[in-house]
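Side-chain atoms are counted along with the backbone in the values below, which use heavy atoms only and exclude waters and symmetry mates.
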Amino acid sequence: MRETTIPILPCRTIQPVLDFYTALGFAVTFQQKSPNPYAVVELRGIQLHFFAMKHYEPAESYSTCYIRTDDVDGLYEAFRTGLKAAYGRIPTRGLPRIGALKDTSYGMRQFLLTDPGGNCLRIGQQTSQDQRHRPAPTEPFARALHHASLFADSKEDPAGAAKIIDRVLRLEDGQPTPVQLLRLLVLRADVAARLGDEATARTALTRAAAVQLTEQERRSVSDDLRRLEELST
């Protein structure tokens, strides 16, 4: 026996959603304009269905689905390229937007992609057989990174993530390593941008860009440095 699960996601109007997915490389394989607007997009083994709701509010959406892949880095680069070609930049805030590619504490390497309808696609590749959340570190700065990342992405609570980062960066006992500081500041800029706090985002980006790293340290935070570049443009 073989079963397939297909998410059916809401949006206010169909066409902006189709334009978005077409930019990512999806093909529109079905579209019905009336009586009930409905459409299907496909890319390799991914199939997504959409239906329009006249009074739907994308900014308040909780719709989501998880897409597993064996090439998350390749998809991420392809989607970034498509978005930059379509929008002239890589959208990192508002709708639509693409989040950072990162390794999670539950054995997945993933990124979040949110379409014009407010639907969040979590796209990831398994990196460990253990899918449980790792215990939070005990060291203050590592612990703050752990929890702030969960608030920012898993819980979709950027304000909560901001509070965690601000609190730990005000600590008088101890200092973060350069790698920890870079990662904390990039995440702080990311969540500030999502919250519309442009002044805080700019300050965090400036501080992050000034962090001195060795070549080995730069290699260890390549995902964060890429996000820093995206947020700075």
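The closest side-chain donor-acceptor pair between T69 and Q125, if any, does not fall under 3.5 angstrom. Using modelled atom types and a 3.5 Å distance limit, the side chains of Y66 and Q110 yield a donor-acceptor pair.
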Might you work through the side-chain contact (heavy atoms from CB on, under 4.5 Å) test for E3 and M1, ending with a clear yes or no? CA-CA 7 Å; E3 290 79 27; M1 295 179 67; 3.4 Å; yes

Let's go through I165 and L187 carefully: what are the C-alpha distance in whole Å and the side-chain angles of both, what is the deciding distance for side-chain contact (heavy atoms from CB on, under 4.5 Å) to 0.1 Å, and is it a yes or a no? CA-CA 8 Å; I165 297 170; L187 183 55; 3.8 Å; yes

Evaluate C65 against R122 for side-chain contact (heavy atoms from CB on, under 4.5 Å), listing each step before the verdict. CA-CA 6 Å; C65 69; R122 298 170 183 267; over 6 Å; no

T214/R218 under side-chain contact (heavy atoms from CB on, under 4.5 Å): CA gap, chis, key distance, verdict: CA-CA 6 Å; T214 67; R218 292 183 68 85; over 6 Å; no

Show the numbers, then the answer: is there a salt bridge (charged side-chain N to carboxylate O under 4.0 Å, His left out) between E230 and R89? CA-CA 9 Å; E230 290 175 353; R89 61 181 180 84; over 6 Å; no

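Of the charged side-chain nitrogens involved, at least one lies within less than 4.0 Å of a carboxylate oxygen, so that E198 and R93 count as a salt-bridged pair. A salt bridge links D153 to K102: one of the charged nitrogens lies within less than 4.0 Å of a carboxylate oxygen. The pair R227-D223 fails the salt-bridge criterion, with no side-chain N (NZ, NE, NH1 or NH2) lying under 4.0 Å from an Asp/Glu carboxylate O. Ion pairing of E229 with R226 is absent here, as no side-chain N (NZ or NE/NH1/NH2) approaches a carboxylate O to less than 4.0 Å.
L150 and L145 fall into different hydrophobic clusters, where Ile, Leu, Val, Met, Phe, Trp and Tyr are joined by side-chain heavy atoms under 4.5 Å apart, directly or via other members. F141 and L182 fall within a single hydrophobic cluster, where Ile, Leu, Val, Met, Phe, Trp and Tyr are joined by side-chain heavy atoms under 4.5 Å apart, directly or via other members. Under the 4.5 Å side-chain heavy-atom criterion for ILVMFWY residues, a single connected hydrophobic cluster contains both Y87 and F111. Taken together through direct or relayed side-chain contacts under 4.5 Å among Ile, Leu, Val, Met, Phe, Trp and Tyr, L231 and V191 form part of one hydrophobic cluster. In the hydrophobic clustering of this structure, L225 does not group with I90; members are Ile, Leu, Val, Met, Phe, Trp, Tyr whose side-chain heavy atoms approach within less than 4.5 Å, directly or through other members.
Here the closest heavy-atom approach between residue A148 and residue A161 is recorded as O-CB, 3.4 Å. Between G124 and M108 the shortest heavy-atom distance is C-CE, 3.6 Å. Residues V168 and P140 come closest through the heavy atom pair CG2-O, 3.8 Å. Closest non-hydrogen pair, L95 versus G118, comes out as CD2-CA, 4.1 Å. Between A193 and A201, the closest heavy-atom pair is N-CB, 4.1 Å. For the residue pair P58 and P116, the shortest heavy atom distance occurs at CB-O, 3.5 Å.
Between the side chain of T104 and the backbone N or O of Y106 there is at least one donor-acceptor pair closer than 3.5 Å. For R134 (side chain) and R132 (main-chain N/O), a donor-acceptor pair under 3.5 Å exists by modelled atom type. In this structure, Q180 contributes its side chain and T177 its backbone to a donor-acceptor pair below 3.5 Å.
For the pair F79 and L43, the minimum side-chain heavy-atom distance is below 4.5 Å. Looking at Q212 and E217, their side chains never come closer than 4.5 Å, going by heavy atoms from C-beta outward. By the 4.5 Å heavy-atom criterion applied to side chains, L101 and D73 are counted as neighbours. Inter-residue side-chain proximity for Y76 and R109 is flagged as unmet; no heavy-atom pair is nearer than 4.5 Å. In this structure the side chain of S105 reaches within 4.5 angstrom of the side chain of H146, judged on heavy atoms. Residues I123 and L112 form no side-chain contact, since every pair of their non-hydrogen atoms from C-beta on lies 4.5 Å or further apart. The shortest distance between side-chain heavy atoms of P178 and V211 falls below 4.5 Å. Using a 4.5 Å cut-off on side-chain heavy atoms (C-beta onward), Q32 and P37 make no contact.
Taking CG of L184 as the start and CZ of R207 as the end, the distance is 9.5 Å to the nearest 0.5 Å. Atoms CG and CG, from L113 and D115 in turn, are 7.0 Å apart once rounded to the nearest 0.5 Å. With rounding to the nearest 0.5 angstrom, the CG atom of N119 is 8.5 Å from the OG1 atom of T64. Here the OG1-CD distance, from T29 to E42, works out to 4.0 Å after rounding to the nearest 0.5 Å. Distance check, rounded to the nearest 0.5 Å: CG of L75 to CD1 of I67 gives 8.5 Å. Note that the CG atom of L185 and the CG atom of L228 stand 9.5 Å from one another [nearest 0.5 Å].
Ring centroids of F50 and Y21 are separated by less than 6.0 Å, placing the two rings close together. Here F51 and Y38 keep their ring centres 6.0 angstrom or further from each other.
Of the candidates T200, D166, D197, D166 is the only one forming a side-chain hydrogen bond (donor to acceptor under 3.5 Å, both in side chains) with R188.
By the 6.0 Å contact criterion, CZ on R68 is enclosed, its count of non-hydrogen atoms from other residues, nucleotides or ligands being greater than 12.
By the salt bridge (Lys or Arg N to Asp or Glu O under 4.0 Å) test, D224 is found to be paired with R183, residues two or more places apart in sequence or in another chain being considered.
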Let me check something: any side-chain donor-acceptor pairs from residues 11-18 under 3.5 Å, sequence neighbours excluded? List them with distances.
from : atom 1 : to  : atom 2 : distance (Å)
R12  : NE     : Y56 : O      : 3.0
R12  : NH2    : Y56 : O      : 3.3
R12  : NH2    : E57 : OE1    : 2.9
Q15  : NE2    : D19 : OD1    : 2.9

